[in-house]
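A note on names: the letters A, B, ... follow the listed sequences, proteins ahead of strands, and every chain is numbered from 1. Owing to the predicted nature of the structure, the values given are computational and were not obtained by experimental measurement.
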Amino acid sequence: MTLRLATWNVNSLRKRTAHLARFVAEARPDVICLQETKVSDAAFPHDEIAALGYPEVVIHGQKGYNGVAILSRRPLAKRDKRVWCGRDDRRHLCVRLADGLEVHNFYVPSGGPTPDRAANEKFAHKLDFLTEMADWAARSRIARRNAVVLGDLNVAPLETDVWNHKRLLRSVGHTPVESEHMARLHAAGPLIDVGRHFVPAEQPLYTWWGYRFPQSYQRDYGWRLDHILASPKLAGALKAFRVHRETRTWEQPSDHVPVVLDLA
DNA sequence: ATGACTTGTAATACAAGA
């Protein structure tokens, strides 16, 4: 039996409920991890989400910013979250399925405008967040479990993870120090970079196209910011991988598109 | 040349995204 797992930064759940319904109808994921829901738990659109047919709904949101949620067709044995960098800013949720698979849904800080940790507190927060993730992966011995770490990690670590490597080396999201932090997270598990397990590093692979750059999608000015990382025990279970680029052409889309993994 | 847009909040501009 296959488990289909999806991650999607929807950039406001309430603005994107119709897109989520369309994605569910077309991709039929068993578990959906959402980021940037931008809605408090009190205002969560329970009725619209219930109509999608996911009996298990785990939410961890706040008003206006950030926010994560997990929808599951499979029964959950455990639901959990933890505070990162001492801030309860709704960037993480964890569930364990009844069969033992652990799913960690993350929204890593974007990092602000300047890639300078002394001048930009948001960039320092981002690097500290990634460091804390790597420490957690190592200390909790994630490699001993069947675990997936996924979400909007807000770093495009490889040259082919952005549309213009040279031009973007000094842009937040693609600086060498951020790529090093991502590499440390991968090594700390160790964790498999599922996207690059299926798509060779020689080929461009993107999951985000900005709103501000005119016709960024049409020109394919993309970045790979959304990731699925898997513990080594799952290596033999990785069956298929797909980036649902087409959602970026839908009317009033999120700037991120869904990333999907099939696990045996 | 990440400038150009989109979102939420709250009151017509501002913060934030990356």
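- Rounded to an integer number of Å, the gap from A:Leu130 CG to B:dA18 P is 13 Å.
- In this structure, A:Leu168 reaches the bases: a heavy-atom distance under 4.0 Å links it to at least one base atom across the strands shown.
- Look at NZ on A:Lys126: it is 14 Å from C1' on B:dA16, rounded to the nearest Å.
- Under 3.5 Å, the side chains of A:Gln35 and A:Asn105 contain a donor-acceptor pair of N or O atoms.
- The listed nucleotides are B:dA4, B:dT7, B:dT2; the one nearest the side chain of A:Ser12 is B:dT7.
- When heavy atoms are screened at a 4.0 angstrom cut-off, A:Gly173 is found touching no nucleic acid atom at all.
- Counting non-hydrogen atoms under 4.0 angstrom, A:Asn66 reaches nothing in the nucleic acid.
- No donor-acceptor contact under 3.5 angstrom links the side chains of A:Asn11 and A:Glu36, judged on distance only.
- The residue A:Trp223 sits close to a base: some heavy atom pair falls under 4.0 Å.
- Taking 4.0 angstrom as the limit, A:His174 places none of its side-chain polar atoms (N or O) nearer than this to OP1 or OP2 of B:dT2.
- Among the protein residues, A:Trp209 comes within range of no part of the nucleic acid, since none of its heavy atoms lies under 4.0 Å from any strand.
- Where A:Glu36 and A:Gly64 each meet DNA chain B at their nearest nucleotide, the meeting point lying more 5' is that of A:Gly64.
- When heavy atoms are screened at a 4.0 angstrom cut-off, A:Asp152 is found touching the sugar-phosphate backbone but no base atom.
- Rounded to a whole angstrom, the distance from the C1' atom of B:dA18 to that of B:dG3 is 14 Å.
- Put simply, the residue from A:Arg196, A:Gln203, A:Arg224 that forms a side chain to side chain donor-acceptor pair (under 3.5 Å) with A:Thr160 is A:Arg196.
- Considering only the side chain of A:Tyr65, B:dA15 comes nearest among B:dT2, B:dA15, B:dT7.
- If you measure from atom CG of A:Asp255 to atom P of B:dG8, you get 12 Å, rounded to the nearest angstrom.
- Neither side chain, A:His174 nor A:Trp223, offers a donor N or O lying under 3.5 Å from an acceptor on the other.
- When each of B:dA10, B:dG3, B:dT7 is scored by its nearest atom to the side-chain atoms of A:Lys63, the top-ranked nucleotide is B:dA10.
- Two residues, A:Asn11 and A:Arg167, neighbour DNA chain B, and the one matched to the more 5' nucleotide by heavy-atom proximity is A:Arg167.
- We find that CH2 of A:Trp250 is positioned 18 Å from C1' of B:dT6, with the value rounded to whole Å.
- A:Val24 and A:Val68 fall into different hydrophobic clusters, where Ile, Leu, Val, Met, Phe, Trp and Tyr side chains are chained together by heavy-atom contacts under 4.5 Å.
- Contacts of A:Tyr107 with the nucleic acid, taken as non-hydrogen atoms under 4.0 Å apart, involve only primed sugar atoms and P, OP1 or OP2.
- Distance from the side chain of A:Phe213 is smallest to B:dT2 among B:dA18, B:dG8, B:dT2.
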